[in-house]
Amino acid sequence: MGFGRGKVILLGEHAVVHGCPAIAVGIERGVTATAAAAERDLLRLSPWDLALRADPKGDEPLERAFAVALAMYPSRPPLEVSAQVDLPAGAGLGCSAAIGVAVLDAIDEALGIERSRTDLATAALAWEEIFHGNPSGIDNTMSAIGGVGFYRKGDALRPLRSNKPLHLVIGYSGESSSTKQMVASVGRQLKSDRKRVNKAFEGIEVLVRNAKLAIEAGDHIALGQLLDLNHTILSSLMLCTTKLDDMCQAARHAGALGAKMTGAGGGGCMFALAPKRDEALRLQDVLGEDSFVAEVSA
Ligand code: PMV
């Protein structure tokens, strides 16, 4: 069975596209997939009830991405790939990358190809490029490798170690957004006001570096404060929505150590850092029925 995890960017989204580091975690929820020889190439996606051809010129990005994936296997039979998606799409949890990783992993398994998760992550970048044009590579990397990682575009993922698990509660705003559009919006702001946006990126980089130390030291109080500050900088880049802000505020009032939007923004998800497992369950009630708890060990 092929598997691609979802991911949560703890700090550093958007700045990571422009060369700054970011910290992200892989979560247990993601995409599973199987592949088998068939009469023709087909990609089935549930629960969306989609059946797509591989078409390099298709209107659907998934058709083009599937064509790119299949082209990586020069001698193969026609393949039917069935993927089960257990992540909201357009929600900042790396859904497209997780599908790509799961699909490639399933094809590898069907064809008896063995490769490392790092090589799988590299291969899945070509899939991600169909969706985002200019991805940093963090989504496909975290989806394939998981754990808690310090990532900088072009460098190998650096796993972070700590003796204290992170209790995250992920809340979905119910609003979907396009990563491509949000990344383009930051790109436009950078072009028109380079000084302000570069200052924002510099600020984010400082937060990321301090968060790395806080995670390694198991200092979740400091980490929570850094998350809140990162959220404020992302708001200043017009990436946040009222709904996401309200959810973060509600989580903080209910005892979260920190809360921020995650991923591209403009909708999608936020997350809160809970002090303990039982508090995470309580925060889940505050964040609504679409929220879920993820315990991540570094
Ligand atoms: O919203 P998602 O899950 O696609 O995450 C995007 C993260 C960005 O930093 C905004 C883009 C990127 O390629 O790193």
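Numbering of ligands and ligand atoms starts at 1, following listing order.
Close contacts of ligand 1 with I138, meaning ligand atoms under 4.0 Å from a residue heavy atom, involve 14 (O). Near H132, with a cut-off below 4.0 Å to any heavy atom, the atoms of ligand 1 are 4 (O). Shown in contact with V17 at under 4.0 Å from a heavy atom are these atoms of ligand 1, numbered in order with element: 9 (O), 11 (C), 12 (C), 13 (O), 14 (O). Close approach to I9 involves these atoms of ligand 1, each under 4.0 Å from a residue heavy atom: 7 (C). Close approach of ligand 1 to G92 is summarised as follows: ligand atoms under 4.0 Å from at least one heavy atom of the residue are 1 (O), 2 (P), 3 (O). Using a 4.0 Å cut-off to heavy atoms of K7, the atoms of ligand 1 that qualify are 2 (P), 3 (O), 5 (O). Taking every non-hydrogen atom of E13 and a distance limit under 4.0 Å, the qualifying atoms of ligand 1 come out as 9 (O). Within ligand 1, the atoms closer than 4.0 Å to a non-hydrogen atom of G263 are 1 (O), 5 (O), numbered from 1 in the order shown.
Between S46 and Q84, the shortest heavy-atom distance links the atoms OG-OE1, 2.8 Å. Closest approach of L237 to F201, counting heavy atoms only: CD1-CE2, 4.4 Å. Counting all heavy atoms, side chain and backbone alike, E63 lies closest to G58 at OE1-CA, 3.3 Å. Of all the heavy atoms in L283 and A272, the pair that sits closest is CD1-CB, 4.3 Å.
S136 OG, 3.3 Å is the protein heavy atom nearest to atom 12 (C) of ligand 1. Atom 1 (O) of ligand 1 has its closest protein heavy atom at A264 N, 2.9 Å. For atom 4 (O) of ligand 1, the nearest non-hydrogen atom of the protein is T179 OG1, 2.9 Å. Protein heavy atom at the shortest distance from atom 9 (O) of ligand 1 is H14 N, 3.0 Å.
Distances shorter than 4.0 angstrom do not occur between any heavy atom of M182 and any atom of ligand 1. Contact between G94 and ligand 1 is present, with at least one heavy atom of the residue lying under 4.0 Å from the ligand.
You'll find the side chain of I215 stays beyond 4.5 Å of the side chain of F150, heavy atoms only. Between F131 and T179 there is no side-chain heavy-atom pair separated by less than 4.5 Å. Side-chain contact between E205 and P21 is present, with heavy atoms from C-beta onward closer than 4.5 Å. Here the side chains of N134 and K153 are in contact, with some heavy-atom distance below 4.5 Å. Residues L93 and V8 form a side-chain contact, since some pair of their non-hydrogen atoms from C-beta on lies under 4.5 Å apart.
With a 4.0 Å heavy-atom cut-off, ligand 1 is reached by the backbone of L93 but not by any atom from C-beta on.
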Please tabulate, for side-chain N and O atoms in residues 29-39, each donor-acceptor pair with protein atoms closer than 3.5 Å (sequence neighbours left out).
unit_1 : atom_1 : unit_2 : atom_2 : d
R29    : NE     : D86    : O      : 3.0
R29    : NH2    : D86    : O      : 3.3

